[in-house]
Amino acid sequence: MIILFWILTAAFMVIDRLTKAAAEANIGESDHIRVITAGDTDILAFSLHKNTGAAFSSFTGKTVALAAVTAIALVLITIYFHRQKHKHPLMTVSYAMIVGGGIGNLYDRIFQGYVTDFIRLFPFNFIFNFADICVVIGAILLIAYYLFIDEKYLKKFAPTQSSEVENDK
């Protein structure tokens with residue numbers, strides 16, 4: 001599962017870089033490209049935004065601090081994943097999505113000083129990128145894994161207990 005983790009992590013990073021490069025090459029900063037609409041309301045649109053903050057533009061201008069926190073979190077998450085004795089495929093995919101997306105945005109912060117966002121979701125007016133999608137879906141899948149699968153999966157590897165039943169009479 002370690003090899004799968006690194007292959008998926010690299011794939012998510014590459015897709016993130018390619019989609020951001022395509023957005024920067026094809027969408028102007030003042031462009032608003034409508035993709036899905038419902039009447040006069042945009043549901044999905046593309047527009048370029050250079051985000052120097054984190055989610056919802058929080059911590060704007062704190063690029064160095066965000067990069068440092070992200071780097072530390074990614075190292076800790078990766079170490080934690082590697083130390084897991086038994087790795088379920090869903091766990092592997094979840095961690096790869098989180099790490100791959102995190103590295104994608106970390107790359108932007110380090111080399112550009114901002115994160116390229118370009119996907120707008122209305123009516124909420126969220127703007128995000130492929131890396132953000134990876135992190136959010138990875139986190140949701142990881143929560144689902146730990147809530148519904150982890151304990152059952154690990155029981156398969158637990159040493160068998162004695163089937164003797166003690167009577168407390």
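Bear in mind that the values here come from a model prediction, so they are computed numbers and not experimental data. Just so you know, these numbers use all the heavy atoms, side chains as well, and skip hydrogens, waters and symmetry mates.
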pair I36-D42: side-chain heavy atoms closer than 4.5 Å: no
Minimum-distance pair of heavy atoms, taken over all atoms of C134 and G101: CB-CA, 4.1 Å
Shared hydrophobic cluster, L106 / I133 (ILVMFWY, side-chain heavy atoms < 4.5 Å): yes
ILVMFWY cluster, L4 and Y80 together (side-chain gap under 4.5 Å): yes
I77-I110 co-clustered via ILVMFWY side chain contacts under 4.5 Å: yes
Sequence neighbours left out, cut at 3.5 Å: what donor-acceptor pairs do the side chains of residues 6-17 make with other protein atoms?
residue : atom : partner : partner atom : Å
W6      : NE1  : H82     : NE2          : 3.2
T9      : OG1  : F5      : O            : 2.7
D16     : OD1  : K20     : NZ           : 3.4
D16     : OD1  : A131    : N            : 3.0
D16     : OD2  : K20     : NZ           : 2.8
R17     : NH1  : D108    : OD1          : 2.6

Spatial distance of atom OG1 (T19) from atom CZ (F46) [nearest 0.5 Å]: 9.5 Å
Under 4.5 Å side-chain linkage, directly or through intermediates, the cluster mates of F122: none
Test item: H88 and K152 side chains (from C-beta on) under 4.5 Å apart, heavy atoms: no
Aromatic contact, F118 with H49 (centres under 6.0 Å): no
Distance (rounded to the nearest 0.5 Å) between M91 CE and L141 CG: 12.5 Å
Interatomic distance, I33 atom CD1 to L44 atom CG [nearest 0.5 angstrom]: 11.0 Å
Candidate pair I103 and L74, rule side-chain contact (heavy atoms from CB on, under 4.5 Å), full reasoning: CA-CA 8 Å; I103 292 172; L74 291 172; 3.7 Å; yes
Residues clustered with I79, ILVMFWY side-chain links under 4.5 angstrom: V75
Test side-chain hydrogen bond (donor to acceptor under 3.5 Å, both in side chains) applied to N105 and N51, T116, D132, D117, the passing residue: D132
I2 atom CD1, over 12 foreign heavy atoms within 6.0 Å: yes
Non-hydrogen atoms of I98 and V135 that approach each other most closely: O-CG2, 3.7 Å
Non-hydrogen side-chain atoms of I119 and I127 separated by less than 4.5 Å: no
Expected output: side-chain D150 to main-chain Y145 donor-acceptor under 3.5 Å: no
Y153 and F157 aromatic ring geometry - parallel, tilted or perpendicular at 30°/60° bounds: perpendicular
M97-M1 co-clustered via ILVMFWY side chain contacts under 4.5 Å: yes
Any K87 side-chain heavy atom under 4.5 Å of F81 side chain: yes
Same apolar cluster (I L V M F W Y, side chains within < 4.5 Å links), L66/V64: no
Student check: side-chain heavy atoms of N129 and V115 closer than 4.5 Å: yes
K50 side, atom NZ; E24 side, atom CD - distance, nearest 0.5 Å: 7.0 Å
Residues T63, R109; criterion side chain to side chain donor-acceptor pair (under 3.5 Å); working and verdict: CA-CA 6 Å; T63 304; R109 285 192 179 94; 5.9 Å; no
For the student: nearest non-hydrogen atoms of L48 and I27, plus distance: CD2-O, 3.3 Å
